[in-house]
Structures are given as structure tokens and as C-alpha cells.
Amino acid sequence: MSEILVIAEHDGEQVKLATLSAIGFAQKICAERGGQFVVLVLGHEISLIADSLRTFGAASVLIADNLALKEPLADRYAHVIAEVVRTQNATIVVGAASTYSKDILPRAAALLDAGMISDVIEVRTDGSDFVFRRVMYAGNVIATVKLAGAIKFLTVRSSAFPPPAKTGVISSLVSVALESGNLPAQIEFVGREAKVAGRPDSTEARVVVSGGRAIKNSEDFERLIGGLADVLGGAVGSSRALVDSGIAPNSLQVGQTGKVVAPDLYIAAGISGAIQHMAGMKDTKVIVAINKDADAPIFEVADYGLVGDVYQVVPELVEKLKK
Amino acid sequence: MGSISKRGNELKILVPLKRVTDPDTKIRLRPDGSDVALEGVKFAVNPFDAIALEEALRIKEKIGDGEIIVTSVGGDECIEQLRIGLAMGADRALLIKAEPNLDSLAIAKILAAVYRREHPDFVLMGKQAIDDDSNQVGQMLSGLLGLGQATFVSKLELLDNNTLASCGRETDAGIETVIVKFPAIITTDLRLNEPRYVSLPGIMKAKKKPLVEIELSDLGVNASTRTTILHLEPPPRRKAGVRVKTVDELVDKLRNEAKVI
Ligand SMILES: Cc1cc2nc3c(=O)[nH]c(=O)nc-3n(C[C@H](O)[C@H](O)[C@H](O)COP(=O)(O)OP(=O)(O)OC[C@H]3O[C@@H](n4cnc5c(N)ncnc54)[C@H](O)[C@@H]3O)c2cc1C
Ligand SMILES: Nc1ncnc2c1ncn2[C@@H]1O[C@H](COP(=O)(O)O)[C@@H](O)[C@H]1O
């Protein structure tokens with residue numbers, strides 16, 4: 001039997017969609033192996049968020065609510081997660097492969113002397129053990145790995161695990177006893193840059209339109225890439241080149257060291273297709289590349305390639321899509 | 001911001017450097033899938049670690065004093081990367097001799113032992129090694145040592161007479177700013193800086209800088225590894241697509257063939 005602890009990520013208002021894939025992962029293991037899973041939500045004033053997680057068959061939804069947990073700071077979050085793992089006797093701790101989990105979970109793993117596997121894309125049972133598959137080397141290698149130890153920490157890619165089925169039973173809500181005085185406080189939160197509202201997150205969208213070095217400034221980026229994303233109801237993304245030059249914010253970067261997206265449609269406009277970029281979008285269903293260089297490597301992975309200038313093609317595409 | 005001034009006891013910064021396959025190298029696998037084919041492959045300092053070292057050097061240059069120690073865990077071949085670190089400007093190097101392919105927790109335990117030996121003011125290191133892409137060691141190290149951490153940092157400012165750092169972190173939701181008190185662990189993101197190239201005088205000077213080799217047993221660490229790699233394979237290839245000549249054709253294909261819009 002395995003006790004799985006799913007760490008739910010949220011933005012203070014709602015659960016991140018990627019968390020649902022982590023719950024899907026937990027459901028899958030429980031269906032194959034028996035056992036049960038619980039979901040842990042950390043934060044402050046999070047009862048609505050916790051409520052939204054009660055229909056997926058978790059044995060319970062645990063709430064760690066405290067003013068000191070208002071922001072996801074790794075020192076105290078890891079501390080609480082490690083405590084909950086101990087009290088729940090969890091053997092697997094799983095979260096979505098996001099900057100949130102990447103910041104917090106390895107720290108919690110170390111507190112428990114547990115190993116961790118990042119970016120899991122597949123799991124199989126092997127006797128009483130598990131075999132995982134994960135990507136390495138900027139997506140150039142898929143490794144099959146095992147992880148020893150009584151407690152295993154994982155992050156899973158949302159593109160690899162479907163969201164969970166809803167169940168009839170409503171999970172119980174249980175609050176985690178916390179003493180604020182005992183929570184570590186080595187990290188002080190100063191602020192977060194206001195999120196540009198309006199468009200979906202690239203990891204959650206069905207369509208992602210990304211711009212590369214071909215785009216000359218932020219106004220053009222907004223007009224061309226943002227404009228095309230808007231007619232398609234999609235999200236915007238970018239290559240690192242635009243993040244480096246300050247044309248696009250870092251939160252838009254797709255790739256090995258940015259976000260990994262797997263939408264139904266990915267449009268790469270003026271992106272050459274460096275392996276580091278492709279590591280973040282290769283699992284897309286349909287890739288469209290627009291590039292003036294007919295030999296750009298992006299065409300090797302594109303389902304539909306159009307050789308042309310983004311400054312001409314994109315406005316024309318926007319016009320035609322509006323019809 | 002508090003001004004950066006020289007302290008009586010100099011600032012000490014530990015920078016781990018991992019030897020990795022060069023980011024521009026094409027990765028090939030051995031036919032039996034047991035490992036990456038390393039013959040003829042170029043190696044480099046993990047780019048994120050080079051950024052960490054560059055930042056440490058800039059801090060030292062700004063303060064006018066300080067000691068920067070680079071360390072690598074692995075076989076003798078890591079000396080190549082430590083020498084690059086020394087040539088960039090680090091003051092001394094520690095090679096922790098260990099078998100290759102240790103997992104993140106084992107590396108973190110070894111680095112924790114190095115930390116306890118050196119007692120740096122802070123550790124500046126890469127957020128991620130571009131070979132295993134784990135993004136774990138810095139966070140594990142912070143947990144093991146019970147220190148504050150700031151990960152994915154693209155803006156770093158020392159405050160209060162170099163006792164604190166204000167860190168801009170690149171998160172999925174945008175830049176977040178946190179303050180950590182030293183000692184602390186800081187991991188770097190790509191936009192923090194652009195590392196300098198190694199200069200010829202740098203290489204000459206590096207030859208005289210101390211590079212000490214330490215056996216794992218001397219550090220007193222049990223570095224057993226929990227992760228076992230069973231098999232490596234290339235990802236499935238995408239099948240070649242088609243070229244479209246006009247925007248009309250593209251729209252038609254997306255609507256009627258792929259049915260994604
Ligand atoms: C450790 C490391 C990690 C990295 N991580 C990432 C990552 O996560 N994500 C990422 O994206 N990159 C990453 N990179 C950088 C990556 O290697 C490339 O440098 C980057 O992706 C290039 O961005 P680009 O395609 O926009 O620019 P370029 O490679 O310069 O390509 C621009 C393309 O636009 C085309 N073009 C120019 N003008 C026009 C026009 N008017 N119309 C149409 N086409 C035009 C050109 O033909 C060219 O193909 C990383 C690099 C390293 C070393
Ligand atoms: N063998 C090693 N020697 C020195 N530093 C390492 C080693 N392995 C990992 N690191 C450090 O840990 C960081 C994160 O690595 P990882 O968690 O493997 O992605 C790297 O950027 C290095 O700073």
C-alpha cells in the first residue's frame with residue numbers, strides 16, 4: 001500500500017491546473033496498487049481552494065493555514081511538508097513540475113533524507129517498487145530510473161498525466177496543527193511583480209503563440225505575438241533571446257530552463273529552434289513554425305512550416321483568423 | 001540599500017562547479033542505452049555555475065576584498081573545470097573525489113560537508129545542471145544545513161554591510177523578491193549576468209592557485225546514491241511535417257486537417 005501526499009499549488013485564489021495532473025498521477029497509482037492519497041494545501045485563508053479539491057477521491061484534504069504561510073517560502077513550506085509526511089506516513093510526495101515545487105520539494109526531501117526525481121513523464125510498477133521515466137539533457141534523453149528509500153519525492157509533468165476523474169465521495173477536510181512560533185523564518189518575502197492579467201498561463205492553455213529574436217521590441221511583441229494569441233484565445237510564450245533582451249518577461253520563457261508546455265497548438269514565430277527551446281515544446285500536438293530562414297531547425301519538428309517574414313505573415317494570419 | 005563596504009573579516013563565497021557536457025554538443029547514447037556516449041564530447045562548466053562564479057567575482061570586485069572557493073565533486077577530469085574557475089578569477093579550488101553519477105541528495109550531503117569545513121558567508125550555485133536537469137541540489141543543501149535559500153535568482157544585491165541579500169527570483173508567476181540572511185544558499189538563473197571569458201593572464205595566474213584534492217572519506221560523508229538509472233533512450237521523433245506556401249493554406253490546414261482551431 002502506498003500513502004501518497006499530493007502538494008497542491010495555488011495562486012491564493014485557485015488551484016493551479018498542473019496540480020490536477022499530480023492528483024491524476026496519485027489516482028493512477030492508487031488504482032493500480034491500492035492505497036490512498038491525501039492532498040495538502042498550504043497558505044493563508046485557503047478554505048475555498050481546499051474545497052475545490054474534495055471531489056477527486058482523496059482520503060482527505062489537509063489544510064495548513066497560517067499567516068506565516070501566506071507566501072510560498074521554501075523554509076517554512078518544506079518544514080510543514082516534512083511534518084505532514086511524518087504524521088501521514090507518506091511514502092510518495094508529489095507535486096507538479098513548476099518553479100513552486102522545484103523550490104520547495106527538494107528541500108523537504110532533504111529534511112527527510114529522501115531522494116527525489118524531477119520531471120516524471122511515466123510511472124510503472126515493478127513488483128513492490130516503481131520504475132519512472134524522466135527527461136534529461138534538454139529533452140534529448142529519456143531515462144528510466146528507480147529510486148530507493150522509504151520516502152520518494154517526485155515532480156510530474158502535467159503534459160504526461162491526465163487530470164483526475166471526479167468521484168462521488170467528498171473528501172474530508174482536516175486542518176494541520178501548526179505553531180507559528182516553530183516555523184522557520186529565514187526567508188523574508190518582499191514582493192512579487194504584478195501578473196499581467198488577461199491571458200492564460202502558457203502551461204494551462206490549449207494554444208500557445210511564442211515569439212523569438214525576430215521580434216524587435218515589446219510593442220511589436222504585444223501587437224504580433226499577443227495579437228495572434230488573442231484571436232486564438234491562447235497564451236503567449238517566448239524564446240530566451242527575448243527574455244534576455246528584456247522584450248518579454250521571464251515568466252513567458254519556454255524551454256529547458258523555462259516552462260514546459262504541451263498545448264494542442266504551438267506557433268513559433270521567428271524562433272530558430274535551439275534544442276534548449278525545443279525541450280519546452282516538443283510534446284505539443286501540432287507545431288507551426290514561421291521563419292524566414294527555410295533551413296531553421298524549428299522546421300524539423302514543425303507539422304506546418306511557413307517560410308516568411310513574421311512582420312508580414314502574422315498580421316495576415318490575424319486578419320484571416322478573424323474571419 | 002545599505003552601502004557595500006569592506007569588512008574586517010573578508011567575505012567568503014563558495015561556488016560549486018559541475019562538469020557537464022557542453023550545451024552545444026549533440027548528445028548521443030551508447031547503443032546499449034547504458035550511458036551517454038562520451039567519446040569526443042566537449043565538456044564545460046555547467047552554464048548556471050559559470051553565472052554563479054561570475055556573480056561572486058563581481059561581488060568581490062565591488063567590495064574590493066573576499067575569497068572565492070570553487071569546488072567540484074567527481075573524478076580527476078573535473079580538474080579541467082576547476083582550472084577554468086580559477087582562470088576566471090576564483091582564489092582556490094577543492095576537488096572532492098567521488099564516483100561519477102551520484103544523485104542530488106548525495107551531492108548535497110557532500111557539499112554540506114564542504115560548507116562545514118569552509119564556513120562561507122554564502123553559497124552561490126547553479127539552479128540546474130544541464131545534463132541531469134534535476135534542479136535539486138541547492139534546495140537540498142539548504143535543507144540539510146537549515147539555511148535560508150533563494151532559488152532561480154536573476155537579480156542579487158547585498159545589503160546591510162554584506163550580511164543579507166535581496167534576491168529577485170524568476171518564478172512561473174513572474175519575478176518575486178525575497179531577502180535572505182547570511183549564511184544562505186543562492187541559486188542562479190540565466191539572466192543574472194553574462195560570464196566573462198577566460199583570459200590568457202587568467203590561465204597563467206590560475207596555475208599558481210591552490211587546488212586541493214579531498215577524499216570523500218576525509219569529509220566523513222556517506223554518499224550512497226538512491227537513484228539508479230536503468231536505461232537511457234532518445235525521445236520519440238516527431239514525424240516530418242509539411243511546408244505551406246501561404247497563410248490561407250496554413251489556416252485551412254489548421255482548421256480542416258489538424259482541427260486545432
Ligand atoms: C544553459 C542554457 C539554457 C537555455 N535555456 C533556454 C530555454 O529554456 N528556452 C529558450 O528558448 N532558449 C534557451 N537557451 C538559449 C537557446 O540556446 C537559444 O539561444 C535561444 O532559444 C534562441 O532564441 P531564438 O530562436 O529566439 O533566437 P535565434 O536563434 O537568434 O533565432 C531567431 C530566428 O528568427 C528568424 N528570423 C529573424 N527575423 C525574422 C523575421 N523577420 N521573420 C521570420 N523569421 C525571422 C531567424 O531566421 C532565426 O531562425 C538556453 C541556452 C543555454 C546555454
Ligand atoms: N558533481 C557536482 N559537483 C559540484 N557541484 C554540483 C555537482 N552536481 C551538482 N552540483 C551543483 O548543483 C547544482 C544543481 O544541480 P542539479 O540539482 O543536479 O540540477 C549545479 O548547478 C551545481 O552547482
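All chains are named by letter (A, B, ...) in the order of the sequence lines, taking the proteins before the strands, and each is independently numbered beginning at 1.
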Contacting region of [X] [heavy-atom separation from chain A under 4.5 Å]:
{"X": "V244(B)", "result": "both"}
{"X": "R255(B)", "result": "side chain"}
{"X": "K245(B)", "result": "backbone"}
{"X": "T187(B)", "result": "neither"}
{"X": "L29(B)", "result": "side chain"}
{"X": "A258(B)", "result": "both"}
{"X": "I179(B)", "result": "both"}
{"X": "V36(B)", "result": "side chain"}
{"X": "S104(B)", "result": "neither"}
{"X": "R169(B)", "result": "side chain"}
{"X": "I175(B)", "result": "both"}

Measure distances from [X] to the heavy atoms of chain B and classify the residue's part below 4.5 Å as side chain, backbone, both or neither.
{"X": "L105(A)", "value": "neither"}
{"X": "K102(A)", "value": "both"}
{"X": "K282(A)", "value": "both"}
{"X": "L317(A)", "value": "both"}
{"X": "L147(A)", "value": "both"}
{"X": "A109(A)", "value": "side chain"}
{"X": "D11(A)", "value": "neither"}
{"X": "A294(A)", "value": "both"}
{"X": "V243(A)", "value": "both"}
{"X": "D264(A)", "value": "both"}
{"X": "L252(A)", "value": "neither"}
{"X": "Q276(A)", "value": "side chain"}

- Message: Rounded at 0.5 Å granularity, tell me how far CZ in R19(B) sits from CG in D131(B).
- Response: 11.0 Å
- Message: To the closest 0.5 Å, what do you measure between NE2 (H277(A)) and OG1 (T257(A))?
- Response: 11.0 Å
Relative to chain A, which of [options] shows the most heavy atom pairs under 4.5 Å?
{"options": "L144(B), V137(B), T228(B), T151(B)", "answer": "T228(B)"}
{"options": "K181(B), K253(B), Q128(B), Q149(B)", "answer": "Q149(B)"}
{"options": "N135(B), L190(B), T227(B)", "answer": "L190(B)"}
{"options": "I130(B), D24(B), I261(B), D133(B)", "answer": "D133(B)"}
{"options": "V20(B), T21(B), V178(B), D189(B)", "answer": "V178(B)"}
{"options": "K239(B), E194(B), E233(B)", "answer": "E233(B)"}

For the residue pair [Y] / [X], report whether a side-chain donor-acceptor contact shorter than 3.5 Å exists.
{"X": "T225(B)", "Y": "D103(B)", "result": "yes"}
{"X": "S134(B)", "Y": "D132(B)", "result": "yes"}
{"X": "N161(B)", "Y": "T163(B)", "result": "no"}
{"X": "Q256(A)", "Y": "Y137(A)", "result": "no"}

Keeping the roles fixed (side chain from [X], backbone from [Y]), state whether a donor-acceptor pair exists under 3.5 Å.
{"X": "D129(A)", "Y": "D126(A)", "answer": "no"}
{"X": "E54(B)", "Y": "R196(B)", "answer": "yes"}
{"X": "T99(A)", "Y": "T171(B)", "answer": "no"}
{"X": "Q186(A)", "Y": "A184(B)", "answer": "no"}
{"X": "R243(B)", "Y": "F299(A)", "answer": "no"}
{"X": "N46(B)", "Y": "K18(B)", "answer": "no"}
{"X": "R157(A)", "Y": "I121(A)", "answer": "no"}
{"X": "R107(A)", "Y": "M140(B)", "answer": "no"}

Which one of [options] has the most heavy-atom pairs closer than 4.5 Å to chain B?
{"options": "I104(A), L321(A), L306(A), V141(A)", "answer": "L306(A)"}
{"options": "H79(A), R133(A), E71(A)", "answer": "R133(A)"}
{"options": "I187(A), D283(A), L232(A), L73(A)", "answer": "I187(A)"}
{"options": "D244(A), V307(A), V207(A), I287(A)", "answer": "I287(A)"}
{"options": "D119(A), N250(A), V145(A), D303(A)", "answer": "N250(A)"}

- Message: Is the positively charged end of R124(A) above the ring of F132(A), judged by distance under 6.0 angstrom from the centroid and angle within 45° of the axis?
- Response: no
- Check: V45(B) and Q81(B) side chains under 4.5 Å, non-hydrogen atoms: yes
- pair L254(B)-V288(A): side-chain heavy atoms closer than 4.5 Å: yes
- Salt bridge present between K16(A) and D172(B) (N-O < 4.0 angstrom): no
- Query: More than 12 foreign heavy atoms under 6.0 Å from NZ of K146(A): is that the case here?
  - Reply: yes
